[in-house]
Q: 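Okay, here's the structure, questions in a sec.
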Amino acid sequence: MSLNTQTISSLREQLSAGDISPADILDSLAENISKSDVGAYLGHDLDCAKHEATSVDLTKPLGGIPIGIKDNINVNGQPCSCASSFLENAYRAPYDATVIRKLREAGAIPFGRMNMDEFAMGSTTENSALGKTINPHDVCRAPGGSSGGSAAAVASNTAIATLGSDTGGSIRQPASHCGVVGLKPSYGRISRYGLVAFASSLDQIGPLTRSVEDAALVLNAIAGHDSADSTSLKQDVPDFTEGLSDGIQGMKLGLPKEYFGDGIHPAVREKIDHTVKGLNSAGAEIVEISLPHTEYAVATYYILATAEASSNLSRFDGIRYGNRVENPDDVLDLYRRSRAQGFGPEVKRRIILGTYVLSSGYYDAYYNRAQKVRTLIRQDFLNAYEKVDAIISPVSPNAAPLLGADKDNPLQQYLADIYTISANIAGISGISVPCGAITSETGSNLPVGLQILGPSMGEQSLLRVARAAEVIQQS
Ligand code: GLN
């Protein structure tokens, strides 16, 4: 079996036994990348990775495993472009993000920069200014986004596992559209030091993998408090692989009635229903619950996320960061023209919207009100977790969209985030697990993901439910 198609756990066994070397895995990936037309990578440096591989400790939990990194996470000495022409050839990371340091400490080798929507704003990876990524299951379709490169690489066997970031679904949704596992840990579980900030109260880093066990292995390596990120929580990091296959007997799983109304594609619904039946047969009790403020989630998210983005992205001005225009008249002209030239249309739209909702006279009407609704949405989840251990839903109302489908209609695209954004608003944990595929009009098989939402810091039981869903899929 070729090495590039395998899970971390199976490669680890062979590495430990001395049957293969990390360089063998890297070679197998590089060969597949050179043949692939998926476009998952913005770049990779095989020589550098092989050099690193000579000194990794193969007794460590991720010893010798290459991990692809979304291009908004700093990897010392490498470009970190956020898929923006503003940063292209203008910025090289001067340090390792905490997750990269931790991956290295666990023996992993960061390998490759994965394509994404510019500054992680989008749902299809089409907002990348630096490359096109297609869905490995259908060349006419998008891989999802914004961590589209991270998901497509795992799905196309050009990566073993990758890191992505999730502000409103950007790990779970591309994982769903590409048929891989994508975990958004609880807010505070993982340090964001070295992640280029989009919306700081929502952003989380997490793994995209071939199996639930692999997601747990990567989470083991990257979780934990970090004094460089004051939002990372001082919580013990258990071994997330422990008890993974203990089953879900006696667990209570909630189906939010607001998530199963109009708008969900019937074929997607069928896949979710089938898996829910399986979870029930595996011993879980299924109960209907209500998350009454769901209808306000999209509006709340797009106010808060754009407000935070407008502030976070002010550092890209052509002076502190980013390509600078030539011969400016004065400093204002330099800022204006550098930003006009550097940012793509979606990023500009978000900065304008975010600046508007924070501006005097509108702050109370929009930003402040959205903060209040955020509290209500968070409370919905706290109430729900008094009754259930985890919540089950679709990840997306539809399977992967056709490339260009929402080109002129960003609002339509925003609405499709309905099932994923609440987890970020509430700071809870969430995962997408493949639960089958539906057949498109052209005969391709489009993966569908099941979303499982757990309470804040509830990753252990979340992963157990995810593993049970994976078993149903494999049986
Ligand atoms: N699709 C959402 C957005 O465009 C989510 C993005 C993300 O999670 N980074 O904002």
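For ligands, and for the atoms within them, numbers begin at 1 and follow the listed sequence. Heavy atoms only: backbone and side chains are in, while hydrogens, waters and symmetry mates are out.
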Q: Just heavy atoms, cut-off under 4.0 Å: does Y301 contact ligand 1 by side chain, backbone, both, or neither?
A: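 Side chain only.
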Q: Look at atom 4 (O) of ligand 1 and find which of E346, R172, R350, M116 reaches it with the closest heavy atom.
A: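 Heavy atom nearest to atom 4 (O) of ligand 1 belongs to R350.
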Q: Tell me whether S165 has any N or O atom under 3.5 angstrom from an N or O of ligand 1.
A: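 In this structure, S165 places no N or O atom under 3.5 Å from an N or O of ligand 1.
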Q: Have a look at ligand 1 and work out which part of D417, if any, has a heavy atom under 4.0 Å from it: side chain, backbone, both or neither.
A: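 Just the side chain.
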Q: Please work out whether the ring planes of F316 and F119 are parallel, tilted or perpendicular, with thresholds of 30° and 60°.
A: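 Rings of F316 and F119: tilted, 30 to 60°.
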Q: Applying side chain to side chain donor-acceptor pair (under 3.5 Å) between T133 and each of T124, N115, D117, report the one that passes.
A: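 In the set T124, N115, D117, the residue that makes a side chain to side chain donor-acceptor pair (under 3.5 Å) with T133 is N115.
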Q: For ligand 1, which is the ligand I care about here, please tell me if G122 has any N or O atom under 3.5 Å from one of the ligand's N or O atoms.
A: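 By distance alone, the answer is yes.
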Q: With respect to L62, which candidate in I222, I109, I160, L217 satisfies the side chain to side chain contact (heavy atoms under 4.5 Å, CB included) definition?
A: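 Exactly one pass, corresponding to L217.
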Q: For side-chain contact (heavy atoms from CB on, under 4.5 Å), just list the numbers for E118 and C82, CA-CA rounded to whole Å, side-chain angles, deciding distance to a tenth of an Å, and then say yes or no.
A: CA-CA 6 Å; E118 185 178 4; C82 298; 5.8 Å; no
Q: Nearest protein heavy atom to atom 6 (C) of ligand 1, by residue and atom, and its distance?
A: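 I find the closest protein heavy atom is S170 OG, 2.8 Å.
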Q: Which of the numbered atoms in ligand 1 are below 4.0 angstrom from a heavy atom of A120?
A: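 Those qualifying, in numeric order: 6 (C), 7 (C), 9 (N).
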Q: Do the ring planes of H44 and Y41 sit parallel (below 30°), tilted (30 to 60°) or perpendicular (above 60°)?
A: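 Answer is perpendicular, since the angle exceeds 60°.
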Q: Using a 4.0 Å cutoff against the non-hydrogen atoms of G168, which atoms of ligand 1 qualify?
A: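 Reading through ligand 1 atom by atom, the close ones are 5 (C), 7 (C), 8 (O).
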Q: Scan side-chain atoms only and decide if D214 and T209 contain a donor-acceptor pair under the 3.5 Å cut-off.
A: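 T209 and D214 do not have a side-chain donor-acceptor pair below 3.5 Å.
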Q: Under the rule for side chain to side chain donor-acceptor pair (under 3.5 Å), what residues qualify as partners of S432, not counting sequence neighbours?
A: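 Side chain to side chain donor-acceptor pair (under 3.5 Å) list for S432, sorted by chain: empty.
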Q: Could you check atom 1 (N) of ligand 1 against the protein and tell me its nearest heavy-atom contact, residue, atom and distance included?
A: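 Among all protein heavy atoms, the one nearest atom 1 (N) of ligand 1 is S123 OG, 2.8 Å.
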Q: Going through the distances and angles, do Y193 and Y95 end up as a ring pair (Phe, Tyr, Trp, His ring centres under 6.0 Å)?
A: CA-CA 10 Å; Y193 179 68; Y95 67 101; 5.2 Å; yes
Q: Show the atoms of ligand 1 that are less than 4.0 angstrom away from any heavy atom in Y302.
A: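 Listed by number with element: 1 (N), 2 (C), 3 (C), 4 (O), 10 (O).
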Q: Can you list the atoms of ligand 1 that are under 4.0 Å from a heavy atom of S146?
A: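 Selected atoms, number and element: 9 (N).
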